[in-house]
Asker: 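Sharing a structure below in structure tokens format, with a few things to ask.
These figures come from a predicted structure and were not determined experimentally.
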Amino acid sequence: MPRNRSAIAALQKLEADREALDAKQRELEAQAAKELGQIILGTGLETFSKKGLKQVAEALGKLGETAAIAKLAERSAARTLTASPSTE
């Protein structure tokens, strides 16, 4: 029966490792949330509702960083062009 004990011990070790990894993940998620909060403060996004901020973040996340920045820059440029009076 030594094999059963070693398999049981291995399963117990895996469970302990999994619990330690879960705890580490929660800790890193909390640190990441703090870092993201510090980045957002002062940008104007802190005035968004939680729901609105989540929707914005999800939409930008789906686009990816490069595409999101390009799309936002494109919209910003279009607003600038339509907002400025014509000089003709």
Side-chain angles (χ1 to χ4, degrees):
M1 285 218 203
R3 278 193 127 203
N4 287 343
R5 286 189 186 152
S6 65
I8 291 170
L11 285 173
Q12 289 172 337
K13 183 178 180 339
L14 278 174
E15 185 61 31
D17 290 349
R18 185 175 296 126
E19 289 174 11
L21 284 172
D22 287 345
K24 184 65 174 176
Q25 181 175 356
R26 286 189 299 273
E27 177 187 324
L28 290 172
E29 286 172 349
Q31 288 176 344
K34 287 178 186 174
E35 289 176 19
L36 289 170
Q38 290 172 345
I39 291 168
I40 289 172
L41 285 176
T43 65
L45 285 177
E46 69 273 10
T47 62
F48 283 40
S49 68
K50 286 182 183 180
K51 182 180 178 182
L53 185 57
K54 182 178 180 183
Q55 289 173 340
V56 168
E58 287 174 346
L60 293 175
K62 286 177 186 175
L63 286 174
E65 183 177 3
T66 304
I69 291 170
K71 190 169 201 99
L72 290 171
E74 180 181 295
R75 285 188 179 174
S76 178
R79 279 194 197 126
T80 303
L81 290 175
T82 58
S84 63
S86 179
T87 56
E88 292 181 65

Asker: Can you see which heavy atom on F48 is nearest to which on V56, and at what distance?
Answerer: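 Smallest heavy-atom distance, with atoms named: CE2-CG2, 3.7 Å.
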Asker: According to side-chain contact (heavy atoms from CB on, under 4.5 Å), who are the partners of L28, at least two apart in sequence or on a separate chain?
Answerer: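 Applying side-chain contact (heavy atoms from CB on, under 4.5 Å) to L28 gives K24, Q31.
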Asker: Just jot down the side-chain contact (heavy atoms from CB on, under 4.5 Å) partners of K71, sequence neighbours excluded, or say none.
Answerer: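 Scan of K71 (side-chain contact (heavy atoms from CB on, under 4.5 Å), adjacent residues dropped) gives L63, R75.
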Asker: Could you pull out all residues at least two apart from K51 that satisfy side-chain hydrogen bond (donor to acceptor under 3.5 Å, both in side chains)?
Answerer: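 Result, side-chain hydrogen bond (donor to acceptor under 3.5 Å, both in side chains) vs K51: none returned.
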Asker: With sequence neighbours left out, what residues match E19 under salt bridge (Lys or Arg N to Asp or Glu O under 4.0 Å)?
Answerer: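 Testing E19 for salt bridge (Lys or Arg N to Asp or Glu O under 4.0 Å), a comparison that skips the adjacent residues, returns none.
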Asker: In residues 32-44, what donor-acceptor pairs under 3.5 Å come from side-chain atoms, sequence neighbours left out?
Answerer:
{"residue": "T43", "atom": "OG1", "partner": "I40", "partner atom": "O", "Å": "2.6"}
{"residue": "T43", "atom": "OG1", "partner": "L45", "partner atom": "N", "Å": "3.2"}

Asker: Residues two or more places apart in sequence or in another chain: which of them pass side-chain hydrogen bond (donor to acceptor under 3.5 Å, both in side chains) with Q25?
Answerer: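 Here the qualifying residues are E29.
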Asker: Rounded to the nearest 0.5 Å, what separation is found between the OG atom of S6 and the NZ atom of K13?
Answerer: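 Going from the OG atom of S6 to the NZ atom of K13 covers 14.0 Å.
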Asker: The criterion is salt bridge (Lys or Arg N to Asp or Glu O under 4.0 Å); which residues satisfy it with K50, sequence neighbours excluded?
Answerer: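 None.
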Asker: Applying side-chain hydrogen bond (donor to acceptor under 3.5 Å, both in side chains), can you list everything that pairs with D22, at least two apart in sequence or on another chain?
Answerer: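 If we apply the side-chain hydrogen bond (donor to acceptor under 3.5 Å, both in side chains) test to D22, skipping adjacent residues, there are no hits.
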Asker: If the condition is side-chain hydrogen bond (donor to acceptor under 3.5 Å, both in side chains), which residues does R26 pass it with, not counting sequence neighbours?
Answerer: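 Partners of R26 by the side-chain hydrogen bond (donor to acceptor under 3.5 Å, both in side chains) criterion come out as none, since no residue qualifies.
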